[in-house]
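What follows is one structure encoded as structure tokens, with my remarks underneath.
Quick note: numbers below take in every heavy atom, side chains included, and nothing from hydrogens, waters or symmetry partners. Every chain is numbered from 1, with letters handed out A, B, ... down the list of sequences.
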Protein chains: 2
Amino acid sequence: MGRMPTVDDVAQAAQVSRQTVSNVINSPGIVRETTRQRVQEAIDRLGYRPHASARRLRTRKSSTIGVRLDPLRDGISGAVLDRFVHKLAEQADARDLRVMIFTADGHADELAHIRRLRDGSDVDAFVLIGTDHGDSRIAWLVENRVPFVSFGRPWGAETPDPHHRWVDVDGRAGVRDAVQHLRAHGADRVAWIGWPSPSGTGDERRAGWEESCGLEGADRENLAIATEDGVTEGRLAAAALLELPAPPDAIVCASDSLALGATMAAQAAGRAGLPIVGFDDTPVAAAVGLSSIEQPLDEVVATALTLLFGEHGDDVRPNPDSDEEPGHRLLVPRLVERRSSHLALDGNPGA
Amino acid sequence: MGRMPTVDDVAQAAQVSRQTVSNVINSPGIVRETTRQRVQEAIDRLGYRPHASARRLRTRKSSTIGVRLDPLRDGISGAVLDRFVHKLAEQADARDLRVMIFTADGHADELAHIRRLRDGSDVDAFVLIGTDHGDSRIAWLVENRVPFVSFGRPWGAETPDPHHRWVDVDGRAGVRDAVQHLRAHGADRVAWIGWPSPSGTGDERRAGWEESCGLEGADRENLAIATEDGVTEGRLAAAALLELPAPPDAIVCASDSLALGATMAAQAAGRAGLPIVGFDDTPVAAAVGLSSIEQPLDEVVATALTLLFGEHGDDVRPNPDSDEEPGHRLLVPRLVERRSSHLALDGNPGA
DNA sequence: TCGTTCATTTTGAACGTTCGAATTCTTCGG
DNA sequence: CCGAAGAATTCGAACGTTCAAAATGAACGA
């Protein structure tokens with residue numbers, strides 16, 4: 001196997017010029033049909049593939065997006081982000097985009113990586129997974145005109161930044177739906193296990209519970225627990241709830257990890273039928289028959305790519321200058337019902 | 001912000017030639033110290049970064065490795081591969097390598113992707129995650145001289161292919177250790193829940209159980225169950241085991257998913273203290289206090305990169321021609337003990 | 001002072017592609 | 001059969017880097 005054929009080799013083989021070969025590949029419309037076929041045949045015969053780096057050098061775009069892989073977490077909740085990355089790779093491929101991954105230690109380090117990848121023209125645009133309260137990365141990216149989109153709202157910004165494109169899922173609505181569903185099926189005292197404030201996502205989800213739980217005063221205080229994410233934490237929190245004088249008759253959790261823990265606690269407390277709803281609809285939830293609120297990841301990814309590249313192309317759009325077009329979108333999650341959400345209520349004995 | 005500075009801009013600013021700037025970056029040793037400093041200062045001042053594509057075009061290497069993201073699985077077992085990818089990104093970064101990901105539908109599609117990435121000089125080398133019995137990809141990659149390394153042995157090849165570099169973890173030894181550990185702590189009847197044959201990894205792990213369980217005849221038959229991977233499957237299998245006339249007093253599973261299911265079954269059967277050992281030591285195992293056999297992923301990744309790039313550099317070595325150097329390595333896993341493996345035996349009541 | 005050797009720096013070309021302008025080929029009305 | 005307009009193709013240059021070879025400078029012994 002010698003060296004790869006170049007555009008010149010093809011040109012020679014097809015008796016045309018370099019540029020015509022290039023045209024056949026990039027704008028087939030402008031070349032005469034008979035010529036196009038002849039060239040195409042030569043391409044196939046020689047097995048020619050454009051050299052990506054040469055093309056990028058010339059066109060000054062890499063058709064590559066960069067994503068930082070989050071630090072490993074729980075392994076349950078983390079799975080959402082892994083699924084996100086997976087789907088990103090899938091949909092990027094459909095647009096002829098490549099995906100480059102990297103890891104980083106904290107925001108500063110992440111920006112350093114982004115800078116390197118960007119300055120080297122390795123990557124055209126970035127996808128930020130998750131946003132913090134007053135996220136320092138956003139300002140920097142906008143400032144440095146690095147095209148990006150985030151999966152996550154700009155929490156805590158008074159004035160929405162028109163340069164910042166984002167997609168997010170309306171966790172509040174999702175939780176609200178779940179609570180209402182449980183109450184419609186007879187639950188009176190729906191408890192909440194969530195994360196400590198301040199947490200953009202966490203506070204939002206909790207708000208969904210607050211506005212729909214129909215509880216007041218002491219009940220409202222007692223039936224909400226904030227804890228770090230994790231199976232163990234969920235177990236402990238649920239155990240505490242179940243020991244209350246007036247225990248809950250259903251629990252909604254901010255994550256599947258917490259919900260899995262809660263399920264274990266319920267079983268241990270002899271209340272295997274307690275309806276429990278998780279969040280993210282991870283495969284684990286499906287496996288153990290846990291109801292969960294599903295984020296429409298396919299749509300999230302599709303929207304992110306559309307915001308970055310427009311409806312179809314692979315040309316990066318710079319961060320928007322004004323707010324003519326809405327540079328963001330809030331998607332609605334969906335409750336996936338499984339045994340856990342109506343075990344006790346519909347008289348269905350636990351496993 | 002105008003265009004990025006080029007090597008020429010730096011050269012002009014530092015009053016030297018293009019090439020000297022290049023040397024400062026690539027072989028600082030050969031340029032006089034005073035000059036080096038002057039150039040370096042100019043680089044810093046202008047914020048110059050080499051244009052990756054230009055460099056790649058010239059040097060004919062991309063310093064990028066490609067990995068296919070496996071189809072989404074269980075979410076528990078899948079987490080291992082996600083962790084693998086994560087660590088790959090980390091260690092690649094340390095060597096100044098980039099990681100490009102892609103997804104594919106089946107082996108043929110994967111090879112098509114590999115071909116595209118490779119022919120376009122987007123990617124220098126590939127990492128295969130997981131290998132099948134008589135994996136069709138390996139022959140193709142060797143045939144087409146695509147540098148690669150696999151995380152997984154060449155199952156079922158009579159003659160080891162000297163062109164094929166691989167790393168793998170000795171699952172048989174891991175399971176053997178776990179069984180011996182359980183027996184040393186008093187277990188007599190250690191059961192096995194694994195995957196249906198033929199499965200390279202699965203058969204190997206089962207072999208570890210067979211050679212150390214100390215069971216014979218009917219016991220040996222009855223105490224081993226083969227089932228697809230998954231929490232539900234593990235639950236059912238364990239439930240069946242526990243209903244045997246002579247039930248096991250410990251269970252070793254081929255995955256954490258199975259083990260999680262087994263744990264649930266044990267609790268449901270009122271045998272919460274039954275020692276259960278999983279495989280892969282996923283975060284879920286840690287979260288629910290499940291003992292598990294841990295694959296040394298850091299070492300796996302480090303070895304894979306070393307096989308591909310040598311001890312330190314970022315120059316891809318072609319697939320080896322002969323078998324002078326051992327182009328593969330088998331690493332030893334480690335049993336991580338948690339409550340689940342000695343709950344019943346050491347008289348420690350379950351949670 | 002001169003040639004020699006080694007260290008350091010510079011020069012010209014090349015990597016494979018696409019852009020922009022220029023050229024040639026077709027077609028068609030008069 | 002000519003000229004013009006449009007379609008199709010070609011040509012020269014450029015993208016930013018590094019390689020290979022050539023040129024320059026410094027150091028040293030004779």
Whole angstrom is fine here: how far is it from [atom1] in [X] over to [atom2] in [N]?
{"X": "A:R55", "N": "C:dG16", "atom1": "CZ", "atom2": "P", "answer": "14 Å"}
{"X": "B:N26", "N": "D:dC19", "atom1": "CG", "atom2": "P", "answer": "7 Å"}
{"X": "B:R38", "N": "C:dT8", "atom1": "CZ", "atom2": "C1'", "answer": "12 Å"}
{"X": "B:K61", "N": "D:dT17", "atom1": "NZ", "atom2": "C1'", "answer": "13 Å"}
{"X": "A:D315", "N": "C:dT18", "atom1": "CG", "atom2": "P", "answer": "14 Å"}

Inset, instruction - Kindly determine whether B:R165 and B:N319 satisfy side-chain contact (heavy atoms from CB on, under 4.5 Å), including the steps that lead there. - result: CA-CA 7 Å; B:R165 288 171 284 194; B:N319 295 332; 2.9 Å; yes

May I ask you to evaluate whether [X] reaches the phosphate of [N], defined as a side-chain N or O under 4.0 Å from OP1 or OP2?
{"X": "A:R60", "N": "D:dC15", "result": "no"}
{"X": "B:T20", "N": "C:dT8", "result": "no"}
{"X": "A:N23", "N": "C:dT18", "result": "no"}
{"X": "A:T35", "N": "D:dT9", "result": "yes"}
{"X": "A:S22", "N": "C:dT18", "result": "yes"}

Legend entry - Base of D:dA14 paired with side chain of A:R58 (donor-acceptor, under 3.5 Å): yes

Legend entry - Qualifying residues under side chain to side chain donor-acceptor pair (under 3.5 Å), relative to A:Q15, sequence neighbours excluded: none

Legend entry - By side chain to side chain donor-acceptor pair (under 3.5 Å) - contacts of A:E143 (at least two apart): none

Inset, instruction - Taking only Lys NZ, Arg NE, NH1 and NH2, and the carboxylate oxygens of Asp or Glu, determine whether A:D124 and A:K61 approach each other closer than 4.0 Å. - result: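 Looking at A:K61 together with A:D124, the answer is no, because their closest N to O distance does not fall below 4.0 Å.
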
Reckon [X] touches a base, only the sugar-phosphate, or nothing at all at heavy-atom distances under 4.0 Å?
{"X": "A:R18", "result": "base"}
{"X": "B:R49", "result": "sugar-phosphate"}
{"X": "B:T6", "result": "sugar-phosphate"}
{"X": "A:T59", "result": "sugar-phosphate"}

Inset, instruction - Let me know, please, whether B:R32 or B:H51 comes out on the 5' side of the other along DNA chain D by nearest nucleotide. - result: B:H51

